[in-house]
Amino acid sequence: MTPWEMAAVVAAGVAGGAINSVVGSGSLITFPTLLAVGLPPITANVSNNIGLVPGGLAGVMGYRAELTGQRARLLRLAPASVVGSLAGAVALLTLPERTFTAIVTVLVAVSCAMVLFQPKLGALFAARRGQGNGGPWLWLGAFAAGVYGGYFGAGQGILLIGLLSILLADGLQRINAAKNVLVVLVNGAAAVLYALVAHVDWVAVLLVAAGSMAGGFAGARVGRRLPAPVLRGVVVCIGVVAIAKLLTS
């Protein structure tokens with residue numbers, strides 16, 4: 001990569017890390033940038049996944065106050081995210097990309113609708129939530145989101161926010177904090193597998209990582225101050241952009 005291309009990748013990492021902290025779908029900025037500087041699609045995907053892990057950790061640290069009291073919940077969902085991520089990573093290395101892209105587009109659209117109508121859907125599901133742990137449906141949803149995240153990743157934050165906001169009796173900011181932890185687990189598990197068996201461009205990884213860490217901290221500072229209706233609107237807007245990019249890619 002030329003110096004200008006390296007600068008572009010770092011800038012994309014900053015933007016992607018910030019968006020991932022607030023909502024998700026930062027890969028829709030970083031992944032196309034890696035393609036634009038000449039990386040093959042699979043190499044770009046796995047390098048992007050590994051590079052965004054430090055940014056995800058930065059986002060988790062920025063939301064640590066909202067994570068108070070969520071340890072038991074996250075410990076219950078963590079295995080679903082990790083196992084799903086490994087399954088998705090294997091799928092990336094074995095299945096054609098076009099088949100899954102169609103499914104991804106539908107999932108992002110459904111997730112946007114879930115977030116947009118979360119207050120009404122949450123009230124509808126309130127009687128079935130029990131003590132607010134989401135039951136087996138939430139575990140299965142975390143597993144499915146993990147599969148998606150391990151395969152491609154863009155939009156998994158939107159998908160998780162949609163699931164968590166409907167199935168959990170909790171505030172949207174705390175749900176976003178939990179989402180950040182699960183996304184880090186998904187990306188981290190997939191990153192380990194990719195590093196072992198896939199071709200990785202480590203220069204691209206370092207550039208994305210440097211940018212995403214800065215963006216992750218900045219995004220968390222902004223996102224924590226957003227009222228729930230505003231955050232919900234940001235989620236939906238980014239989801240619409242994600243759908244448009246997927247349909248035109």
Side-chain angles (χ1 to χ4, degrees), residues 1-64 67 78 81-82 85-86 88-89 92-93 145-146 148-158 160 176-224 238 242 245:
M1 282 184 276
T2 67
W4 286 109
E5 289 173 336
M6 290 182 178
V9 172
V10 172
V14 172
I19 291 173
N20 279 343
S21 290
V22 180
V23 182
S25 294
S27 288
L28 291 174
I29 295 176
T30 52
F31 177 67
T33 302
L34 293 179
L35 292 178
V37 299
L39 270 66
I42 298 299
T43 301
N45 197 18
V46 300
S47 303
N48 175 66
N49 180 292
I50 298 172
L52 287 176
V53 172
L57 290 171
V60 169
M61 292 176 63
Y63 272 88
R64 58 187 178 275
L67 289 171
S81 294
V82 171
S85 173
L86 294 175
L92 174 67
L93 302 175
Y148 171 27
Y151 187 92
F152 181 49
Q156 67 169 312
I158 296 173
L160 277 169
N176 195 36
K179 175 269 295 180
N180 284 342
V181 173
L182 296 178
V183 168
V184 165
L185 291 173
V186 169
N187 287 348
V192 171
L193 182 60
Y194 292 153
L196 292 174
V197 302
H199 177 67
V200 179
D201 187 315
W202 290 105
V203 173
V205 168
L206 292 175
L207 294 172
V208 172
S212 70
M213 284 188 68
F217 280 117
R221 293 189 64 180
V222 173
R224 293 178 66 238
I238 292 178
K245 281 185 170 290

Asn48 and Thr33: side-chain contact (heavy atoms from CB on, under 4.5 Å), yes or no, with the steps? CA-CA 10 Å; Asn48 175 66; Thr33 302; over 6 Å; no

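- The OG1 atom of Thr43 sits 10.0 Å away from the CG atom of Leu35 when rounded to the nearest 0.5 Å.
- Smallest separation of non-hydrogen atoms from Val46 and Ala198: CG1-CB, 4.3 Å.
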Using atom types as modelled, flag every donor-acceptor pair under 3.5 Å from a side chain in residues 203-212 to any protein atom, sequence neighbours excluded.
from: Ser212; atom 1: OG; to: Gly51; atom 2: O; distance (Å): 3.1
from: Ser212; atom 1: OG; to: Gly55; atom 2: N; distance (Å): 3.2
from: Ser212; atom 1: OG; to: Val208; atom 2: O; distance (Å): 3.1
from: Ser212; atom 1: OG; to: Ala209; atom 2: O; distance (Å): 3.2

Could you give me the CA-CA distance, side-chain angles and deciding distance for Tyr151 and Asn45, then say whether side-chain contact (heavy atoms from CB on, under 4.5 Å) is met? CA-CA 9 Å; Tyr151 187 92; Asn45 197 18; 5.6 Å; no

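- Between Ala58 and Met213 the shortest heavy-atom distance is CB-O, 3.6 Å.
- When all heavy atoms of Ala191 and Val53 are compared, the closest pair comes out as CB-CG2, 4.2 Å.
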Ignoring hydrogens and angles, write down the donor-acceptor pairs under 3.5 Å from the side chains of residues 1-9, residues two or more places apart or on other chains.
from: Thr2; atom 1: OG1; to: Glu5; atom 2: N; distance (Å): 3.2
from: Glu5; atom 1: OE1; to: Thr2; atom 2: N; distance (Å): 2.9

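- For the atom pair OH (Tyr194) and CD1 (Ile50), the distance works out to 8.5 Å, reported to the nearest 0.5 Å.
- Listed for the Asn180 side chain is no donor-acceptor partner under 3.5 Å among the backbone atoms of Met61.
- Closest approach of Asn49 to Gly149, counting heavy atoms only: ND2-O, 4.0 Å.
- Looking only at distances, a side-chain donor or acceptor of Ser47 sits under 3.5 Å from a matching main-chain atom of Asp201.
- In plain terms, the two heavy atoms of Ala195 and Val200 that are nearest each other are CA-CG2, 4.2 Å.
- Among all heavy-atom pairs drawn from Leu193 and Ala89, the shortest one is CD2-CB, 3.6 Å.
- Ser85 places a side-chain N or O within donor-acceptor distance of the main-chain N or O of Ala190, the cut-off being under 3.5 Å.
- Between Phe31 atom CZ and Leu52 atom CG the span is 12.0 Å, to the nearest 0.5 Å.
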